[in-house]
Amino acid sequence: MHIAILGNGVAGITAARFIRKLSDHQITVISAETDHFFSRTALMYVYMGHMRYEDIKPYEDWFWKKNRIELLRAYVERIDFDNKKLITREGQSVSYDKLLLATGSASNLFGWPGQELEGVRGLYSYPDLEYMEQHSKGLQRAVIVGGGLIGIEMAEMFHSRHIPVTFLVREERYWDMVLPPEESDMVSRHIREHGIGLRLSTELNEIVDDGAGRACAVITSHGERIDCGYVGLTAGVHPNIGFLKNTPLETQRGILVNDYLQTNIPDVYAAGDCVQVREPKPGRRPIEAVWYVGRMMGETAAYNICGRPVTYEPGIWFNSAKFLDIEYQVYGEVPAQLPEGYAALYWEHPGERKSIRLVYDKREGHILGFNLMGVRYRQEVCEKWIRERIHIEEVLQNLGLANFDPEFYKEYEAEVVQLYNRQSGRSLELRQRRGLSAALRFLRSR
Amino acid sequence: MHTIQKAGLGIFLLAFLIFIAVLGLDRFVLSEENLAEAISNPYHRQELVEVAQAQGILGKSYGSSFEFVPVFKALLKDSQQSLEEKAKAALPEGVSKSEFRLGSWQFKDYTYAAARKASTGPVASNPLLFFGLTFGLGILGGLLYILPKFKLLPGIKNDHIYHRAMTRGLKVGLRSIFLGSAIIGLLLYGVFYMGKEYFWPAVSALVGLLIIGLVLLAERQRRRQPARSASPQVTGWLGVLAGIFLIGFYILLYWAPQHITAWVLLADPLSRLLNGGEASQWFLYGLLYTMIVLVMGVRMLAKYRHNKYQVIRTFSVMFFQTAFAFLLPEILVRLNYPYYDFKNIWPLNYTFFFDWNIKNLLSSGGLGIFMLVWGIVLIIVAVPVITYFFGKRWYCSWVCGCGGLAETLGDPYRQLSDKSLIAWKFERWIIHGVLVFAVVMTGMVLYTYFTGSRNILIFNSDTVRTWYGFLIGSAFAGVVGTGFYPLMGNRMWCRFGCPLAAYLGLVQRFKSRFRITTNGGQCISCGNCSTYCEMGIDVRAYAQRGQDIVRASCVGCGVCAAVCPRGVLRLENSSSDVKERAAVVRNRLADL
Ligand SMILES: Cc1cc2nc3c(=O)[nH]c(=O)nc-3n(C[C@H](O)[C@H](O)[C@H](O)COP(=O)(O)OP(=O)(O)OC[C@H]3O[C@@H](n4cnc5c(N)ncnc54)[C@H](O)[C@@H]3O)c2cc1C
Ligand code: SF4
Ligand code: SF4
C-alpha cells in the first residue's frame with residue numbers, strides 16, 4: 001500500500017514515523033516548503049543567532065532513507081480524489097492508496113490597504129524567515145501588527161538585532177483573549193521593560209507606499225503615522241486549505257474530520273493545523289493550531305491509516321510559550337475572564353516576573369486549571385489532579401509535587417497556601433515539597 | 001555595546017598584545033653566574049662554562065629565544081662530547097659515570113633553565129610592572145567588559161552566537177583539516193619526542209585507524225550520510241585565530257618552555273610570595289588558568305544570574321580551582337609537603353601511581369600517607385558512591401579543573417560540540433579506549449614498582465608511561481582538549497578523552513539515581529537543548545519522545561534545562577528505577 005502524506009510539518013512527519021513503526025507500507029511525504037522537516041516553533045532562534053537552520057531539524061538527514069520514508073519536494077496544486085492522484089505544479093502526478101492531508105496554516109491577512117507591498121509579510125514559513133532576514137539590513141524600524149504569540153516572537157527577533165519595534169495590539173492588554181488580566185499586565189510590562197514600543201488598543205488602518213512599491217509607514221486607527229521599513233503581519237493564522245476549496249472534500253474553516261481524523265472522502269485523513277474537528281471534546285476547540293495537537297493528531301492518524309481504529313483523544317488542554325524572558329505554561333481550563341461558578345487563586349511574586357494561578361470550581365471545589373508564569377510545573381501531576389477532580393485544598397497541600405523548577409530554585413508553594421488561608425480563613429499547611437521520588441509515587445498511585 | 005564594555009575590550013586587547021610582546025622584549029646574555037644558577041651539577045656546569053668561554057658565547061647578547069636556544073643547544077652538544085672524552089680518559093675521584101656524563105635527556109631542562117636565567121631586559125628587571133600590564137590589565141579589561149552585563153534583564157543570553165566570528169565555529173571541511181593535521185602532527189612530533197622511536201606512534205596511528213574502521217564499517221555509519229553537518233555557512237575566523245593561539249600556547253608550554261621564559265618571569269613575584277620559590281612554567285600555567293576560571297566565572301554568573309543552579313555551580317568550580325588546584329598545593333610546598341591536589345583523581349591524575357609520586361608521599365610522614373589513602377579512597381569509594389547519588393556532575397561540572405575551565409572559558413563555545421550520531425559512536429570507542437590505555441599503563445607502572453622489573457612481555461613500562469603522558473596527558477588533554485575549544489567545542493577532552501569521565505560515566509549509565517526528566521508532552525522540538533549541550537548529546541531526541549535522558553556522557557551542567565524555552569527538562573535524583581520510568585513514559589505515548 002502506498003501512503004501519501006501532504007505536508008512535512010510535525011503532523012505529517014509524526015504520522016510518517018508511526019506508520020513506519022506500525023507497518024511496512026510505502027510512505028511518501030510531499031511538501032513544498034523545505035526538503036526536510038524542521039521545527040517551525042524554532043524559526044525565531046535562527047534569526048536571533050541561537051541556532052542555525054541545521055540545528056532546528058529534529059532528525060539527521062539520513063534518518064528518512066534509513067526508515068524508508070520517501071521525501072518529495074513539490075507543490076501540490078490539485079488533488080484528484082476520484083482517481084486518487086496528487087498533481088504537482090510541475091505536472092507530475094503521484095497516486096496513492098491512502099492520503100493524509102497535513103498542510104498546516106497560513107497567516108491571516110485582513111485586506112489591509114497596502115498589505116501586498118514590498119516589506120510586508122507574516123511569519124509562518126521558512127521563506128518568510130528568509131524574507132525577514134533580507135529586509136533586516138539597515139532597517140530603521142519595524143511595525144508588528146497583531147498581539148499573539150507569533151507577534152511577540154517577531155518583536156523579540158527584531159529587538160535582538162537592535163531594530164526599534166512598534167507593536168500594535170488591538171486589545172486593551174497583550175493577548176487578553178487568552179491570558180487573565182494580571183498575567184497579561186505582567187507580560188505588557190515586560191514588553192515595555194525591554195524597550196519595545198507596545199501600543200495597546202491600536203489597530204492598523206493602512207500601510208503607506210513609498211512610491212516604489214515598498215512600505216514606508218503605517219497609519220494606525222488613531223490616525224497616527226509611524227515610519228517603518230518593515231511591517232510584520234501576525235494577526236493569527238488560518239488553515240491552509242485554499243487549494244482544496246471547491247473539491248469534493250468537505251471543509252469549513254478547516255478540513256472537517258471525525259473522531260478518527262477521517263475526512264468525508266474514504267481513505268483521506270487530515271491532521272494538524274489544517275483540521276477542523278467536527279465534534280471537539282469538552283474543553284477543546286475545533287481548530288487548535290499548536291504544535292502538540294499536530295503531534296498527537298499525526299500519531300492518531302497513523303494508527304487509523306494502518307487499520308487500527310483509534311479515536312483522537314487530546315486529553316486535558318495544555319500549552320506553553322515564552323514571552324521574551326517569561327516562561328508560560330498552562331494546564332486545563334484557565335479562562336481569561338472568570339465565568340460564573342469559577343474561582344481562582346492568584347499569587348504573584350512581588351519583585352520577579354513569576355506567578356501561579358489555580359482555577360477551581362467555586363461550588364464543588366475541584367481543580368480546573370493551572371496558569372504559570374516564570375515557574376515550571378509538572379504536566380503529568382497537574383493533569384492527574386484535573387482529571388481526577390481533586391479538591392483545591394488537597395491540591396494546595398501537595399502543591400510541591402507539581403514543582404518542576406531546577407534544583408536550588410526557591411519554592412513558592414508555601415506562600416500560595418498561605419495566600420489561600422488568608423483569603424479563605426482556613427489554616428492549611430504545605431505537606432509536600434518539590435522532588436521526583438514523591439511525584440513518581442503520586443503518579444503511580446491508584 | 002556599552003562604552004565601558006568597549007573600553008574593557010580595548011584594555012583587554014592591549015593587555016593581550018603586551019603579553020605577546022613580552023616574549024620579545026628581553027635579550028639573552030649568558031654569564032657564568034647564570035649557568036651557576038641554572039645548572040646544579042658541578043661537572044656539567046664547569047664544562048659548559050669552559051666550552052662557552054672558548055667559543056666566545058659568554059657575555060654575548062642574543063635578541064630572541066629563537067637565536068639563543070640553537071646556540072645553547074650546540075653548546076650542550078659540544079660539552080657533552082668533551083665530557084664524554086674526559087670520562088673516557090679518567091673520572092674524578094668518587095664520581096659515578098652517570099653523574100659525570102651529560103645525557104641528551106637533560107638538554108631540555110638545561111636549555112629551559114639557562115634561557116630563564118639568561119634573560120635580561122625590562123621584563124627580567126621589572127617583573128611586577130609587566131605582571132600588572134598583562135595579568136592586571138587583562139583582568140581589569142575583562143571585568144569592565146563583563147560587569148555591565150549584570151545590568152541587563154535576567155534571561156537567556158544566546159543572541160548572535162551564530163552570527164559572531166568568535167563563536168560561530170568552522171565549516172566541517174576546515175574543521176577536519178585542523179583535526180587531521182593536529183593528529184598527524186602530534187604523532188610525528190611524538191616520534192621525535194620519544195627519541196626517534198617509531199613503535200608507539202605507529203601503534204597509536206593503527207589504533208586510530210582501527211577506531212575509524214570500527215565506526216565506519218562495523219557500526220555501519222558510512223551509509224548514514226550525510227551526518228548532521230555542524231557547519232556554519234561561513235567560518236568564524238576569530239574563533240580560528242583563537243584556536244590557533246591556544247594550540248600554539250599548549251605546544252610551547254609542554255614542549256618548548258624555553259621560548260616562554262619571559263612569561264614565567266612574570267609569575268616570579270607571586271610564586272615567591274606563595275611557595276617561597278621561583279615560578280616554573282607550571283606555576284605560570286596554574287596562575288593563568290585560575291585567573292581565567294575566575295574572570296570567566298564572573299561572566300558565567302552574569303549570564304545565568306537568574307538560574308540558581310548555574311550560580312552555585314559556577315561558584316563551586318571557581319572555588320575548587322582557586323583553593324584546591326592552585327593555592328593549597330603551593331602552600332603545601334611552602335610547608336615542605338608534597339605538591340598535592342586533593343580533588344584530582346586517578347586516572348585523570350595519571351601520575352598518581354608513578355613510583356616517584358608514591359615514594360614522595362610515603363616519605364612525607366603522616367600527611368603523605370593520608371594523601372595516598374585519600375587518593376585511593378576517592379577512586380574506589382567516592383567515585384561510585386557519590387556518582388550513585390548525584391550522577392557524574394558532582395565531579396565533572398562542580399569540582400574538576402578541566403570541567404571548571406570548560407564551564408567558564410569554554411562556555412561561549414559549548415554549541416560547537418558535534419551532535420551527530422556518528423560523533424557519539426566515535427566518542428564511545430575513543431573514551432573507553434583511553435580508559436583501557438590508562439588502566440593498562442598504570443598496571444604496568446605498578447608492576448614495575450612492586451617487582452622492580454621494567455619489562456612486561458616485550459614492553460617497557462617506562463616507555464609506555466612516557467608515551468601516555470605525551471599522547472594523552474599533554475597532546476589530548478591540552479593541545480586538543482583546550483586548543484580546540486573554539487574549533488570543536490569546550491568539552492573535547494571531557495567527552496572524547498578523559499578516562500575518569502569514562503569511569504564516572506559507566507557508573508552513571510548503569511547505577512545512578514541521576515537522570516534528566518522531561519515534562520510530559522511539552523517539547524516543541526526546537527533544538528536549543530541539543531545545540532547547547534556541550535557533550536554533544538542530542539537531548540531533543542529524547543525530550544520530544546517524552547523519555548528520560550540517561551547518558552554516560554552527561555556532565556549535568558544543567559544548561560539544556562536552562563535554555564529550554566518550554567521548561568521541559570529537569571536534572572533530578574531519585575531512587576526510582578531509571579529504566580522502568582523511561583518505559584512507563586514511552587508506553588504512555590504509544591497508547592495515545
Ligand atoms: C513562528 C511560529 C512559532 C510557533 N510557536 C509555537 C509554540 O511555541 N508552541 C506551539 O504549540 N505552536 C507553535 N506554533 C504553531 C506550530 O508551529 C504549528 O501548529 C505546527 O507547526 C503545525 O504543524 P502542521 O504539521 O500541522 O503544519 P505545518 O508545519 O505548517 O506543515 C505543513 C507543510 O505542508 C506544506 N504544504 C501545504 N500545502 C502544500 C501543498 N499544496 N503542496 C505541498 N506542500 C504543502 C507547507 O509548506 C508546510 O511545510 C508556532 C508557529 C509559528 C509560525
Ligand atoms: S544533557 Fe544537559 S546537563 Fe547533560 S551535559 Fe548536556 S547540556 Fe549538560
Ligand atoms: S529545548 Fe526544550 S522544547 Fe526545545 S527541543 Fe529541547 S526539550 Fe524540547
Side-chain angles (χ1 to χ4, degrees), chain A residues 10 21 39 41-42 45-46 48-52 54-63 65-66 160-161 190 193-194 291-292 295-296 299-300 310 313 315 318 320-322 324-327 329 352 372 376-380 383 404-410 435-437 439-441 443-444, chain B residues 153-156 158-164 223-233 306-312 415 419-421 515 517 519-522 524-528 530-532 540-541 544 558 561-563 565-568 570-576 581 584 589-590 592:
Chain A
V10 63
K21 268 192 194 180
S39 176
T41 53
Y45 300 109
V46 175
M48 300 200 298
H50 294 208
M51 288 188 272
R52 300 155 301 170
E54 199 67 28
D55 301 315
I56 67 169
K57 291 196 276 186
Y59 302 93
E60 287 188 61
D61 291 350
W62 50 257
F63 178 86
K65 202 168 166 204
K66 184 198 159 232
S160 78
R161 301 249 179 130
H190 186 56
E193 194 174 26
H194 268 279
W291 182 264
Y292 314 115
R295 197 177 57 204
M296 288 189 279
E299 187 171 343
T300 308
V310 177
E313 300 290 348
F318 68 96
S320 56
K322 195 169 178 187
L324 299 157
D325 299 317
I326 306 178
E327 284 175 20
Q329 296 181 329
E352 292 172 36
L372 294 316
R376 298 173 175 180
Y377 267 19
R378 263 179 226 278
Q379 181 183 357
E380 290 144 303
E383 246 178 24
F404 196 71
D405 269 341
E407 292 152 303
F408 304 119
Y409 271 44
K410 192 165 162 20
L436 175 61
S437 298
L440 289 180
R441 234 175 291 127
L443 288 172
R444 285 177 190 161
Chain B
L153 288 175
I156 293 304
N158 287 337
D159 285 354
H160 303 305
I161 285 195
Y162 275 107
H163 297 153
R164 294 207 179 102
R223 272 190 261 145
R224 296 226 175 125
Q225 288 293 334
R228 209 189 285 281
S229 81
S231 185
Q233 267 154 359
H306 60 286
N307 188 316
K308 226 169 159 192
Y309 181 80
Q310 299 302 336
V311 169
I312 298 179
Q415 68 281 357
K419 291 11 168 245
S420 60
L421 190 65
R515 83 288 297 274
T517 56
N519 197 4
Q522 294 271 27
I524 51 169
S525 301
C526 69
N528 274 296
S530 298
T531 304
Y532 288 94
R540 164 175 56 195
Q544 65 191 359
V563 298
R566 294 295 177 270
V568 176
R570 181 161 197 268
L571 278 58
E572 6 202 12
N573 313 305
S574 164
S575 50
S576 221
R581 170 156 163 85
V584 169
L589 279 185
L592 268 175

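Convention: sequence-line order gives letters A, B, ...; per-chain numbering from 1.
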Residue pair A:K322 / B:I156, side-chain heavy-atom distance below 4.5 Å | yes
Would A:F408 and B:V311 satisfy side-chain contact (heavy atoms from CB on, under 4.5 Å), going step by step from the backbone distance to the final call?
-> CA-CA 10 Å; A:F408 304 119; B:V311 169; over 6 Å; no
How far does OG of A:S160 sit from NE2 of B:H163, to the nearest 0.5 angstrom?
-> 7.5 Å
Drop me the distance from A:D55's CG to B:R540's CZ, to the nearest 0.5 angstrom.
-> 7.5 Å
Checking heavy atoms, do the side chain of A:E407, its backbone, both or neither come under 4.5 Å from chain B?
-> both
Contact part of B:I312 toward chain A, heavy-atom cut-off under 4.5 Å: side chain, backbone, both or neither?
-> side chain
Closest approach of B:P565 to A:Y45 (non-hydrogen atoms, all atoms of both residues) | CB-OH, 3.2 Å
About how many Å separate CG of B:N519 and CZ of A:R376, when rounded to the nearest 0.5 Å?
-> 9.0 Å
If you measure from CZ on B:R570 to CZ on A:R378, what distance do you get to the nearest 0.5 Å?
-> 6.0 Å
Structural part of A:V46 lying under 4.5 Å from a heavy atom of chain B | backbone
What's the verdict on side-chain contact (heavy atoms from CB on, under 4.5 Å) for A:L440 and B:S574, showing C-alpha distance, side-chain angles and the deciding distance?
-> CA-CA 9 Å; A:L440 289 180; B:S574 164; 4.1 Å; yes
Chain A contact via B:T531 - which portion, at a heavy-atom distance below 4.5 Å | side chain
Is it the side chain or the backbone of A:R441 that comes within 4.5 Å of chain B heavy atoms, both, or neither?
-> neither
If one checks every heavy atom of A:Y377 against chain B at 4.5 Å, the contacting part turns out to be backbone
CD of B:Q544 to OH of A:Y59, rounded to nearest 0.5 Å, is 4.0 Å
Side chains of B:V568 and A:F404: does their closest heavy-atom pair fall under 4.5 Å?
-> no
Based on non-hydrogen pairs under 4.5 Å, which of A:M51, A:E327, A:M48 is most in contact with chain B?
-> A:M51
So which of A:K410, A:H190, A:R161 has the largest heavy-atom pair count under 4.5 angstrom toward chain B?
-> A:R161
Show your reasoning for whether side-chain contact (heavy atoms from CB on, under 4.5 Å) applies to A:H50 and B:V563.
-> CA-CA 10 Å; A:H50 294 208; B:V563 298; over 6 Å; no
Examine whether an atom of A:Y292 lies under 4.5 Å from a heavy atom of chain B, and if so say whether it belongs to the side chain, the backbone or both; otherwise answer neither.
-> side chain
Relative to chain A, which segment of B:Q415 carries a heavy atom at a distance below 4.5 Å: side chain, backbone, both, or neither?
-> neither
B:A562, part contacting chain A, at a heavy-atom distance under 4.5 Å | backbone
Go through the atoms of A:E352 and report whether side chain, backbone, both or neither lie under 4.5 Å from a heavy atom of chain B.
-> neither
For the atom pair OG (B:S530) and CD1 (A:I56), what is the distance rounded to the nearest 0.5 Å?
-> 12.5 Å
